[in-house]
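Accompanying notes for the structure given below.
Here is the naming used below: chain letters follow the sequence lines, and residue numbers restart at 1 for every chain.
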There are 2 protein chains.
Amino acid sequence: MTAVKFDKKMLKKRGGRLTSQRSLVFDIISKGGGHLDAAEIYAKAWRRMPGISLSTVYRAIGKFKELGLVEECHLCQEHHHYEALQNGSHFHLVCLGCGAVIEFEFPLVKRIRDEVDKARRFNIVNAEVNLSGYCSRCRG
Amino acid sequence: MTAVKFDKKMLKKRGGRLTSQRSLVFDIISKGGGHLDAAEIYAKAWRRMPGISLSTVYRAIGKFKELGLVEECHLCQEHHHYEALQNGSHFHLVCLGCGAVIEFEFPLVKRIRDEVDKARRFNIVNAEVNLSGYCSRCRG
DNA sequence: GTCCTTGCAAATGCTTTGCACGCTG
DNA sequence: CAGCGTGCAAAGCATTTGCAAGGAC
């Protein structure tokens, strides 16, 4: 997990401007290893650039997402969704085109659980698998 | 995906009371197949019980979660977290005890992608796998 | 010089909480 | 009848937006 050097080219693609704030935010996200939320990024940013605004952090993140440099861990849903616990676990396949959600079960998921359990000495309680992409109708 | 009959016993375990609002909310969640958010549940509930309060919906959901009857799809994190896209995908193993996050790569994940891709005629763009449980230190 | 970015403050949207009344057990 | 659950309104957070001033190109 090495930090990615923030590069002018990365922004220029779609006309973004290279500012010190953006470099800073990108550097923090890049070194954060994927576990930082906006407030944490903001806190780290403030230490290196006192006075930086929280909205600037959000806007930088938004820009990076737009450019495909950064992604949210929980990509497919905006807010919480709930489901009743019934017959075992199933997984979600979300179409980025039409928003359709398909549920599926997949034996390999159990194998992943088992093997991670063994390999990492980790007692797995919950497994969540979310796939997103384009369904047959929407691709093209 | 059949609806689960809401049962008095399900609530009594920890002293909850059986009310018409709770039955209604549970029924909606149960029939929703896991893709309803709070607002959608509220809307459906209002149609069958005009005047029901949104806070009641939230409190019912909270109770069901507490009783283990319902779970949020995005269990492990409260709000969005961001990560830089770099060398291919990795996955997350979150300890429910100490909060540690372990990243791992796993070849089976690629197999799942491929097979779902084929089986469902779905063009997969992003795969996300989140496992949670207890690490060797925290279990016991 | 143009117009994209920033900082600030206010607004928005989802979720939670305080309080008095009503209903379950 | 005791105490939990409800509805309402207000509070809390995270995130977004409008606007005037500042900086990149």
Quiz item: To the nearest 0.5 Å, what is the distance between CZ (B:Arg17) and NZ (B:Lys63)?
Solution: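 Between atom CZ of B:Arg17 and atom NZ of B:Lys63 there are 10.5 Å.
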Quiz item: OG1 of B:Thr56 to CZ of B:Arg59: how many Å apart, nearest 0.5 Å?
Solution: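 B:Thr56 atom OG1 to B:Arg59 atom CZ measures 5.5 Å (nearest 0.5 Å).
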Quiz item: Among C:dT5, C:dT6, D:dT6, which nucleotide sits nearest the side chain of A:Thr56?
Solution: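 From the listed options, C:dT6 comes nearest.
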Whole-Å distance between [N] [atom2] and [X] [atom1]?
| X | N | atom1 | atom2 | answer |
| --- | --- | --- | --- | --- |
| A:Lys63 | D:dT16 | NZ | C1' | 16 Å |
| B:Asp37 | C:dC14 | CG | C1' | 10 Å |
| B:Leu54 | D:dT6 | CG | P | 13 Å |
| A:Met49 | D:dG23 | CE | C1' | 13 Å |
| A:Arg17 | D:dG22 | CZ | P | 16 Å |
| A:Ile41 | D:dA14 | CD1 | C1' | 13 Å |
| B:Arg22 | C:dG25 | CZ | C1' | 13 Å |
| B:Leu24 | D:dG5 | CG | P | 17 Å |

Give every donor-acceptor pair under 3.5 Å between a side-chain atom in residues 45-53 of chain A and any protein atom, sequence neighbours left out.
residue	atom	partner	partner atom	Å
A:Arg48	NH1	A:Asp27	OD2	3.2
A:Arg48	NH2	A:Asp27	OD2	3.0
A:Ser53	OG	A:Ser55	N	3.1
A:Ser53	OG	A:Ser55	OG	2.9

Which pair of non-hydrogen atoms, one from [X] and one from [Y], has the smallest distance, and what is that distance?
| X | Y | result |
| --- | --- | --- |
| B:Val25 | B:Phe64 | CG1-CE1, 3.9 Å |
| B:Val57 | B:Ala38 | CG1-O, 4.2 Å |
| A:Arg22 | A:Ala60 | CG-CB, 4.3 Å |

Exercise. Considering just the side-chain nitrogens and oxygens of A:Gln21, establish if one lies under 4.0 Å of OP1 or OP2 belonging to C:dG7.
Key: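 So the side-chain polar atoms of A:Gln21 do come within 4.0 Å of the phosphate oxygens OP1 or OP2 of C:dG7, strictly under.
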Between protein and nucleotides 8-13 of chain C, what N or O pairs are separated by less than 3.5 Å?
residue	atom	partner	partner atom	Å
C:dC8	N4	A:Ser55	OG	3.3
C:dC8	N4	A:Arg59	NH2	3.4

